[in-house]
Chemist: 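Before we start, here is the structure in question, set down as structure tokens.
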Amino acid sequence: MSGSAELEVKGDRSAAEPPATRLYRRRWLVVLLFSSYSLCNAFQWIQYGIINNIFTKFYGVSSFAVDWLSMVYMLTYIPFIFPVTWLLDRKGLRAVALLANAVNCLGTWVKVASVRRDLFWVTMLGQFATSLAQVFILGMPSQIASVWFGSDEVSTACSIGVFGNQLGIAIGFLVPPILVPNVDDMDELGHHISIMFYITAAVATLLFLLVVVAFQEKPEIPPSQAQAAARNIPSDQYSYLASISRLLHNRPFILLVISYGLNVGCFYAVSTLLNRMIIEHYPGEEVNAGKIGLTIVVAGMVGSLVCGIWLDRTKTYKQTTLTVYLLSLVGMAVYAFTLNVGHLWVVFLTSGALGFFMTGYLPLGFEFAVELTYPESEGTSSGLLNCSAQVFGIIFTICQGKIIDNFGTLAGNIFLCVFLLIGSIMTALIKSDLRRQKANQLAEAEVAAVSPLSAVPWDFSLVCPPHYTTAAR
């Protein structure tokens, strides 16, 4: 064989080889750090609402005003999500993580300075800062999973990312009623509130420093063929506005956006108003109200992990999402009709069942969205899901609160059941177009089909739609 022919064969072999992939152990540190600062931020979302009556007394404001300390998380998300997802696309994970922790840390220290009865506006300012940090956090689990984890791990990794947020909410339900007892002495009450705020600020500061030191942008070698293909999309071929436009014209994704918003909006409403619902039927049970909230979220954390592992093994995205959605509806109905039976153990039981499915649905929505929209940015698709959830969360919290005030808790919870039924129907109508799975399967099939002497180059058009493949090689 001549030298030129030998070089040609070697070149063809090289061209036929797929991009290298590798999994780094550091991926677990990245997802753990993310889960930790997500926990810290999520704790602050519910720390006021679960002891609504205590903060109402301390600051001398209405219950509805204290409800807004939770709803500001939802309201802030809506106008800021698009600039934040653009920043995530342009600057990457590390820049967004640093900004999230800096703003979250600032908000916690503002709240430390708000422990005075005439400074409700200062505590609202601090809560606004932490709600702004949340915008940088909520859309990241699926992005971190895709950038750092292999194709057989992404759903589990996304579940771990969501797990941190859920654990923060769980701690937010449990700890504030313990740290801030319902005492009549305002000085003593202020002291207890101050302790809670100082602990939160110390944890937020530590996490900020850890992110500065240890949070890495992305692995040197991509973890999957789909991620390798995504990295080879030329920057001049990507347009954020064009991506948004494609997502808004993706009918299955739009159905998922609305149905996801209905489900998670119901969860936000139940969480925000839980103290009011429990106290109405079980007066003086602030601590147990927190424990019931803890039960909802811990059960949901188990549900999230179970669903994530199940998806990685079966890839049955639509079937699993629809089943969990229907069971969320059943759980909500049972919770609604048993809340006033007079036995707290029944409420704990039904709340756990509700949480397992309703909170367990969160990572399912994220991962199903990534499948339906690949290779669009995971941060953008997740951002649209969360934006829908915040809009419905505000609407449901305000409406359910008014219904509870005028007609009682049963009517308020039935109101949510109606929308969960609508969401279940919409989920059933989603066409299951699993683009990311197809990309990985096609890539593996091409590798298996290529002959060692074949002159077929690695073709990214097999794993990316046409509008992404110009000059991809």
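These numbers come from the heavy atoms of this one structure, side chains and all, not from hydrogens, waters or symmetry mates.
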Chemist: Within the structure provided, determine whether Met358 and Leu327 are in side-chain contact (heavy-atom separation under 4.5 Å).
Modeler: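 Answer no - side chains too far apart.
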Chemist: Show your reasoning for whether side chain to side chain contact (heavy atoms under 4.5 Å, CB included) applies to Lys57 and Asn182.
Modeler: CA-CA 9 Å; Lys57 178 170 64 176; Asn182 191 1; 2.5 Å; yes
Chemist: Does the plane of the ring in Tyr198 sit parallel, tilted or perpendicular to the ring in Trp109? Use 30° and 60° as the thresholds.
Modeler: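 It falls in the perpendicular class, over 60°.
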Chemist: Please round to the nearest 0.5 Å and tell me the distance separating atom CG of Leu256 and atom OG of Ser388.
Modeler: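 Reported to 0.5 Å precision, the distance equals 9.0 Å.
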Chemist: Between the main-chain N or O of Tyr325 and the side-chain N or O of Asn263, is there a donor-acceptor pair closer than 3.5 Å?
Modeler: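 Side chain of Asn263 to backbone of Tyr325, a donor-acceptor pair under 3.5 Å: no, none is there.
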Chemist: Does any non-hydrogen side-chain atom of Met196 lie less than 4.5 Å from one of Val175?
Modeler: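 No, too far: nothing below the 4.5 Å cut-off.
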Chemist: Kindly say whether Lys291 contributes a backbone atom to a donor-acceptor pair with the side chain of Asn288 at under 3.5 angstrom?
Modeler: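 Checking the backbone N and O of Lys291 against the side chain of Asn288, no donor-acceptor pair under 3.5 Å is found.
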Chemist: Please check if the distance between the ring centroids of Tyr59 and Trp121 is under 6.0 Å.
Modeler: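 Aromatic pair excluded; centres sit 6.0 Å or further apart.
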Chemist: Looking at every non-hydrogen atom in both residues, tell me the closest pair between Ala289 and Leu274 and how far apart they are.
Modeler: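 So the minimum-distance heavy-atom pair works out to O-CD2, 3.5 Å.
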Chemist: Between Gln127 (side chain) and Gln44 (backbone), is there a donor-acceptor pair under 3.5 Å?
Modeler: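 It does hold such a pair.
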Chemist: Do Leu210 and Leu33 have side chains that get closer than 4.5 Å, going by heavy atoms?
Modeler: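 Yes, side chains in contact.
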Chemist: Consider only side-chain N and O atoms of Asn413 and Gln400, and report whether a donor and an acceptor are under 3.5 Å apart.
Modeler: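 The criterion, which ignores hydrogens and geometry beyond distance, is satisfied for Gln400 and Asn413.
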Chemist: Measure across Ile50 and Pro176 and return the closest heavy-atom pair with its distance rounded to 0.1 Å.
Modeler: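 That closest heavy-atom pairing would be CG2-CB, 3.9 Å.
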Chemist: Students often mix this up, so state it plainly: with edges at 30° and 60°, are the rings of Phe64 and Trp68 parallel, tilted or perpendicular?
Modeler: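 Plane angle over 60°, so perpendicular.
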Chemist: Begin with the C-alpha distance, continue with both residues' side-chain angles, and end with the deciding distance and a verdict on ring-ring contact (aromatic ring centres under 6.0 Å, His included) for Tyr260 and Tyr361.
Modeler: CA-CA 9 Å; Tyr260 181 90; Tyr361 171 81; 5.7 Å; yes
Chemist: Rounded to the nearest 0.5 Å, what separation is found between the CD atom of Glu280 and the CG atom of Asp405?
Modeler: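 Glu280 atom CD to Asp405 atom CG measures 8.5 Å (nearest 0.5 Å).
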Chemist: Do Ile81 and Gln390 come within less than 4.5 Å of each other through their side chains, counting heavy atoms only?
Modeler: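 Sidechains of Gln390 and Ile81: no contact.
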Chemist: Assess the pair Phe419 and Phe415: is the distance between their ring centroids shorter than 6.0 Å?
Modeler: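 Judged by ring-centre distance (under 6.0 Å), Phe419 and Phe415 do meet the cut-off.
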Chemist: Rounded to the nearest 0.5 Å, what's the gap from CG on Asn165 to SG on Cys40? Could you check?
Modeler: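 Answer for the CG-SG pair, Asn165 versus Cys40, is 11.5 Å.
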Chemist: Between CD1 of Ile193 and OG1 of Thr123, what distance do you get to the nearest 0.5 Å?
Modeler: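 It comes to 8.0 Å.
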Chemist: Look at the side chain of Ser35 and the backbone N and O of Ile160, then say whether any donor-acceptor pair between them is shorter than 3.5 Å.
Modeler: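 Judged by distance alone, yes, a pair lies under 3.5 Å.
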Chemist: Strictly distance-based, threshold 3.5 Å: is any side-chain N or O of Ser194 a donor or acceptor partner for the main-chain N or O of His191?
Modeler: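 No, because the side chain of Ser194 does not come within donor-acceptor range (under 3.5 Å) of the backbone of His191.
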Chemist: Compare every heavy atom of Val212 with every heavy atom of Arg94, then report the nearest pair and how far apart it is.
Modeler: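 Scanning both residues, the minimum pair turns out to be NH2-O, 3.0 Å.
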Chemist: How far apart are the closest heavy atoms of Leu322 and Ser424, and which atoms are they?
Modeler: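 Answer, listing the atom of Leu322 first, then Ser424: CD1-O, 3.5 Å.
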Chemist: Could you check Lys91 against Val96 for side chain to side chain contact (heavy atoms under 4.5 Å, CB included), going step by step and ending with a plain yes or no?
Modeler: CA-CA 7 Å; Lys91 300 299 182 182; Val96 170; 5.7 Å; no
Chemist: Is there side-chain contact between Phe43 and Ile169, with heavy atoms separated by less than 4.5 Å?
Modeler: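 Phe43 does not reach Ile169 side chain to side chain.
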Chemist: So which heavy atom on Thr108 is nearest to which on Ala201, and how close?
Modeler: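 Looking at all heavy atoms of both residues, the closest pair is OG1-CA, 3.4 Å.
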Chemist: With a cut-off of under 6.0 Å to the ring centre and 45° to the axis, is Lys111 in cation-pi contact with Tyr48?
Modeler: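 Judged by the rule, Lys111 and Tyr48 form no cation-pi pair.
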Chemist: Closest approach of Ile46 and Ser271, non-hydrogen atoms and distance?
Modeler: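 Taking Ile46 first and Ser271 second, the nearest heavy atoms are CD1-O, 3.4 Å.
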Chemist: So do Leu29 and Phe215 actually touch side chain to side chain, heavy atoms under 4.5 Å?
Modeler: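 When only atoms from C-beta onward are counted, Leu29 and Phe215 do not touch, as no gap falls below 4.5 Å.
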Chemist: Using distance alone, with no hydrogens and no angle criterion, decide if Gln134 and Tyr73 have a side-chain donor and acceptor under 3.5 Å apart.
Modeler: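 Note: Gln134 and Tyr73 side chains miss the donor-acceptor criterion.
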Chemist: Please examine the side chains of Ser114 and Phe120, heavy atoms only from C-beta on, and report whether any two atoms are closer than 4.5 Å.
Modeler: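 No - every pair of side-chain heavy atoms lies 4.5 Å or more apart.
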Chemist: Okay, side chain of Asn250, backbone of Arg246: is any donor-acceptor separation there less than 3.5 Å?
Modeler: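 Not at all, since once roles are kept as given, no pair shorter than 3.5 Å links the two residues.
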Chemist: Under a 3.5 Å threshold, yes or no: a donor from one side chain and an acceptor from the other, between Thr56 and Asn52?
Modeler: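 Distance-only check passes for Thr56 and Asn52.
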Chemist: Once you round to the nearest 0.5 Å, how far does CG of Leu179 lie from CD of Gln47?
Modeler: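 Reported to 0.5 Å precision, the distance equals 10.0 Å.
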Chemist: Using the benzene-type ring in the case of Trp, are the ring centres of Tyr77 and Phe80 under 6.0 Å apart?
Modeler: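 No, the ring of Tyr77 stays outside the 6.0 Å limit from the ring of Phe80, centre to centre.
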Chemist: Quick check against the 3.5 Å criterion: does Ser70 have a side-chain atom that pairs as donor or acceptor with the backbone of Trp45?
Modeler: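 A pair under 3.5 Å: yes.
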Chemist: As an exercise, state the distance from CD1 of Ile254 to NE2 of His249, rounded to the nearest 0.5 Å.
Modeler: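 Here the interatomic distance stands at 9.5 Å.
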Chemist: Mind running side chain to side chain contact (heavy atoms under 4.5 Å, CB included) on Lys318 and Phe368 for me, showing each step along the way?
Modeler: CA-CA 7 Å; Lys318 178 178 176 178; Phe368 197 14; 3.8 Å; yes
Chemist: Carefully, step by step, assess Leu75 and Ile394 under the rule side chain to side chain contact (heavy atoms under 4.5 Å, CB included).
Modeler: CA-CA 7 Å; Leu75 185 64; Ile394 292 172; 3.8 Å; yes
Chemist: Under the 3.5 angstrom rule, does the side chain of Arg117 hit a backbone N or O of Gly190 as a donor-acceptor pair?
Modeler: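 No, the answer is negative, given that no donor and acceptor are paired below the 3.5 Å cut-off.
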Chemist: Could you check if a side-chain atom of Ile171 sits within less than 4.5 angstrom of a side-chain atom of Val297, using non-hydrogen atoms only?
Modeler: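 Ile171 vs Val297: side chains apart.
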